[in-house]
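For reference, the structure is listed below as structure tokens.
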Amino acid sequence: MKTSTAKWMCGAAMLLALGCNGSNGGGASATGSASASLGGSGLRDMMEKRGLSEADVVAALKTYTPTGKHDEYYLFASGGHGGNLIVMGVPSMRILKYIGVFTPEPWQGYGYGDQTNALLKQGSRDGKMLTWGDMHHPALSETKGDYDGEYIFVNDKANPRIAVVSLKDFATTQIVASELIESEHGATFVTPDTEYVIETSQYPTPLGGRFADVKQFNDEYRGAVIFWKFDRAKGRLVPEESWAMELPPYMQDLADAGKLASDGYIFINSINTERAYGGNMEGNPPLESGVSQNDMDYLHVIPWRKAEAVVKAGKTETIAGMRVIPLETAVAEGLLYFVPEPKSPHGVDVSPDGQDIIVGGKLDTHATVFSIEKIKALISAGTVAGKDPYGVPILPFQEAIRGQCEIGLGPLHTQFDNEGYAYTSVFIESKVAKWSLKDLKLVDKLPTHYNIGHLAAAEGDTVSPDGKFLVAMNKWAIDRFAPVGPLLPQNFQLVDTTGQKMQLLYDSPIPLGEPHYAQMIKADKIKAVDIYKPAGINALTHQKDEHAVEGGKERVVRAADGVHVYMTAVRSHFTPDIVRVKEGDTVHLHITNIEQAKDATHGFTIASQNIHLSLEPGKHANVTFVADRPGVYPMYCTEFCSALHLEMAGYFLVEPK
Ligand code: RUQ
Ligand code: CUA
């Protein structure tokens, strides 16, 4: 459904149309008819009773989504330390789903059965199983710089990892982890056709997990950017075809991929060109003051297609199984340039036409607008202002920028609309600043509550943003919601950006810490399946599982590797509903939900075994465990699937030796 700007009436007109006898004057007859339709109470009375202003009512009209009506956009937000992905509808801000990614998610049976356990294990680092993640930046797959609704990628800052989530069924399908780096932040960002998913380290370490004392920081510590190759047909990142580039030991921060005018480039911010490493009990300044001495840090400019050719020519070293372009080679081949950027920058965002690269300096008051045309011209003319200690050419700042927009204290991230405006989050002031890309003039500022980090505009990272909506992702809620103890939710605030002035519409508490970034995509771009067809599908591969069970073919088979139970689920029974094994048996349960009706999901658990499966219609799941304690264990369906749901149960009997 398309809602055009023009169709959105101004507040007063809207209330008049509803027959509100507001201060702007309303006809008696209009009031009369509204009173009638409101059962005699009248809109104005209701507003008074609830203490609502006219602006409140307009905001309600713009966000309220009646029962059965769908939202116009999906918002995919990081679940932060929850290690999962939050799916919401906009403008209603209703939460639709949490997708388990780096963290077990019981509802989806994620991490409680064979397939998803294996998936979580893929995300191990150094053989250590990880059950949490610090998710920051979701990135939707793109075709020609536009979200295509097929996949979404997410990162884990704490334990450098990237995951692939399929939007066919809103489920995680792959996790990759490179031991080249030990932390990351500039992830995930995709190139315009999703050839690569980018992951950039944050805190420098010796590459490949070696040890070197922090005093050898300048010589032994390094950053790196990984280009994970994406095979769209298979829906998988391909580690063997991925590669990386070594970077100096600055703290690389956020990144963005060029598009259109800047296609073929990526841009990475950095902080700590001072190369401070802390040591406040060893006679050094604390890390945070050590890293904030210089007025300028370096925007990294990398022509990735050129780098890809250098990788193909074999000019790489292999570290931790990853082909890496050494820093020296990167410099010699013209694959890395720096441009000074003020001061302790955070976000770098490329404008929809790809011409501008916008950097927010956390300790600055400007959004700085770099021009790709100017940067390209400086590179091809060989104009440099100097070199960093590793020989990386530094381009002159003044000649690389188009200008700066004074927007306020602590600019972080920038998003875009369809009318040539940029929206930058201003952290220290807790505001969104709207400014014009054309003349770099501030247009409007909107207070947020409180400490805004990222913001996400409708289709805001694409070559053709939609405008309309923006979500401010606030770190603190303070007084916005009813008290819930000292740990408060985050606050997502929905903003209407259709007018010259922004309007705050809605506050949505997010009870997961700490969501960083989100992307907002037009809902009709997503083509999700509602049933796995035919029955017996393995949700990881979207293929029929080798152990899929057909109705009537249920059986129990004793084999060398244990007892295989081939089971079906259908309203309202499991077949078989009695399973007998012996103490010490390895048990392989293979369960297919043979239903093909929408939403006919069954759950499966056996008491005290830490097993939980979600069996959506047509899904097949396997679970392997050892029946190590004799006893009688009820098994049952955990989804209220039918009137006889409580009866959808059985016994798992473990006979003593
Ligand atoms: S962060 S609030 Cu994207 Cu990880 Cu800026
Ligand atoms: Cu099946 Cu409840």
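Both counts, for ligands and for their atoms, begin at 1 and track the order of listing.
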All heavy atoms of Ile198 vs all of Ala257, minimum pair found to be CD1-CB, 4.5 Å
Using the side-chain hydrogen bond (donor to acceptor under 3.5 Å, both in side chains) rule, take Tyr532 and Asn538 through it: C-alpha gap first, then chi angles, then the decisive distance, then the call.
CA-CA 9 Å; Tyr532 290 107; Asn538 178 326; over 6 Å; no
Salt-bridge test for Lys343 and Asp295: reply yes if a basic N is under 4.0 Å from a carboxylate O, no otherwise.
yes
Pairing of Arg125 and Glu179 as salt bridge, 4.0 angstrom limit
no
Should the pair Tyr423 and Tyr421 be assigned to parallel (<30°), tilted (30 to 60°) or perpendicular (>60°) ring geometry?
perpendicular
Fit a plane to each ring of His590 and His620, take the angle between them on a 0 to 90° scale, and name the class: parallel (under 30°), tilted (30 to 60°) or perpendicular (over 60°).
parallel
Would a 4.5 Å heavy-atom cut-off, applied to side chains only, mark Val565 and Pro576 as touching?
yes
Do Cys637 and Phe574 have side chains that approach each other closer than 4.5 Å (heavy atoms only, starting at C-beta)?
yes
Report, in ascending order of atom number, the atoms of ligand 1 lying under 4.0 Å from any heavy atom of Lys475.
2 (S)
State the atoms of ligand 1, each with its element, that fall below the 4.0 Å cut-off from a heavy-atom position in His346.
1 (S), 2 (S), 5 (Cu)
Only one of Glu199, His454, Lys157 clears side chain to side chain donor-acceptor pair (under 3.5 Å) with His137; which?
His454
Result of checking Asn155, Asn159, Thr200 against Glu184 for side chain to side chain donor-acceptor pair (under 3.5 Å):
Asn155
For atom 2 (Cu) of ligand 2, every protein N/O/S atom that sits closer than 2.8 Å, waters excluded:
Cys637 SG, Glu639 O, Cys641 SG, His645 ND1
Near atom 4 (Cu) of ligand 1 (protein N/O/S, cut-off 2.8 Å, waters excluded) we have His136 ND1, His185 NE2
